[in-house]
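Because only heavy atoms are used, hydrogens play no part in the values below, and waters and symmetry mates are left out as well, while side chains stay in.
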Amino acid sequence: MPDRQPMTLFSLTTRAMSAQMVRMNTATSNLANAGSVSTTEEGAYRPIRAVFATELDRASGLAGVTTTGLVRAETAPTKRYDPSHPLADAQGNVFEAPVDETAEMVEIMDASRQYQNLVQALQTAKQLMLETLRSQ
């Protein structure tokens with residue numbers, strides 16, 4: 001982390017909270033697109049996932065997380081025969097997004113719990129700092 005201030009507990013926690021928000025947002029996007037269909041396999045929605053990397057701050061010795069991007073899953077869409085569907089191709093097929101709704105809900109719940117844990121850690125750190133100041 002050149003040209004940056006040393007990482008503190010607060011900046012470390014802020015980064016981690018941002019990472020959890022990215023996780024929740026990508027899972028929510030996937031869930032919102034579950035069941036969507038397309039005329040072509042290429043046009044069908046594919047789930048997205050955030051890619052994270054660990055970043056070491058040599059000044060403080062703390063390791064934080066950073067989001068390096070989003071990637072689309074390589075999972076093939078589900079081909080479904082439905083000739084009455086308005087988006088059906090010439091053979092009567094539609095291609096449905098390969099979103100596992102249960103897995104996305106688990107991802108949202110896990111990210112939410114991690115976010116709550118980080119908020120609690122910040123509240124605890126704040127309380128300890130206030131108690132330290134009061135005892136002086």
Side-chain angles (χ1 to χ4, degrees):
M1 290 182 20
D3 301 328
R4 289 190 185 169
Q5 295 291 334
M7 198 179 293
T8 66
L9 172 66
F10 296 105
S11 62
L12 178 73
T13 308
T14 300
R15 286 173 175 239
M17 290 170 75
S18 294
Q20 297 306 325
M21 285 300 297
V22 170
R23 280 182 65 202
M24 280 190 270
N25 288 337
T26 56
T28 302
S29 177
N30 293 337
L31 201 54
N33 286 287
S36 64
V37 296
S38 175
T39 304
T40 64
E41 185 173 357
E42 296 78 27
Y45 178 83
R46 300 255 175 21
I48 54 175
R49 290 284 174 239
V51 178
F52 301 105
T54 303
E55 191 172 53
L56 176 65
D57 178 34
R58 295 188 189 280
S60 66
L62 296 173
V65 65
T66 184
T67 306
T68 59
L70 299 173
V71 294
R72 291 237 175 246
E74 296 297 323
T75 309
T78 306
K79 183 178 174 181
R80 183 170 41 106
Y81 182 72
D82 188 358
S84 64
H85 196 285
L87 292 178
D89 64 9
Q91 290 79 33
N93 296 313
V94 291
F95 296 88
E96 191 172 353
V99 176
D100 181 350
E101 294 160 350
T102 304
E104 298 303 332
M105 286 301 298
V106 169
E107 184 77 5
I108 291 168
M109 289 173 28
D110 185 53
S112 175
R113 285 188 184 130
Q114 293 298 325
Y115 190 92
Q116 290 170 348
N117 290 341
L118 291 162
V119 168
Q120 185 63 45
L122 278 178
Q123 289 174 341
T124 301
K126 176 183 150 190
Q127 187 63 35
L128 288 172
M129 288 177 176
L130 288 173
E131 291 297 322
T132 302
L133 290 173
R134 286 185 192 129
S135 67
Q136 301 280 332

Any residue meeting salt bridge (Lys or Arg N to Asp or Glu O under 4.0 Å) with [X], in chain and number order, not counting sequence neighbours:
| X | value |
| --- | --- |
| Arg72 | none |
| Arg80 | Asp82, Glu96 |
| Asp110 | Arg23 |

note = Here the gap from Leu31 atom CG to Thr26 atom OG1, rounded to the nearest 0.5 Å, amounts to 11.0 Å
remark   = Value for CG (Asn33) from OG1 (Thr28), rounded to nearest 0.5 Å, stands at 11.0 Å
inquiry  = By the salt bridge (charged side-chain N to carboxylate O under 4.0 Å, His left out) test, which pairs, at least two apart or in different chains, include something from residues 25-52?
reply    = Arg49-Glu104
Looking only at heavy atoms, which two atoms of [X] and [Y] are closest? And how far apart?
| X | Y | result |
| --- | --- | --- |
| Ala63 | Thr54 | CB-CG2, 3.9 Å |
| Ala16 | Val65 | CA-CG1, 3.8 Å |
| Pro98 | Ala76 | CB-O, 3.5 Å |
| Ser29 | Ile48 | OG-CD1, 4.2 Å |
| Thr68 | Phe52 | OG1-N, 4.2 Å |
| Ala50 | Leu70 | CA-CD2, 3.7 Å |

request  = Would you mind reporting whether Asp89 and Thr40 have side-chain heavy atoms less than 4.5 Å apart?
outcome  = no
task = Please go through Leu87's hydrophobic cluster and name the other residues, only I, L, V, M, F, W, Y counting, with side-chain heavy atoms under 4.5 Å joining them.
result = Val37, Val94
In residues 111-128, what donor-acceptor pairs under 3.5 Å come from side-chain atoms, sequence neighbours left out?
| unit_1 | atom_1 | unit_2 | atom_2 | d |
| --- | --- | --- | --- | --- |
| Asn117 | ND2 | Arg113 | O | 3.4 |
| Thr124 | OG1 | Gln120 | O | 3.0 |
| Gln127 | NE2 | Glu131 | OE2 | 3.1 |

Co-membership, hydrophobic cluster, residues Phe10 and Met17, 4.5 Å side-chain = yes
ask   = For the side chain of Ser11 and the backbone of Thr8, is there at least one donor-acceptor N/O pair under 3.5 Å apart?
value = yes
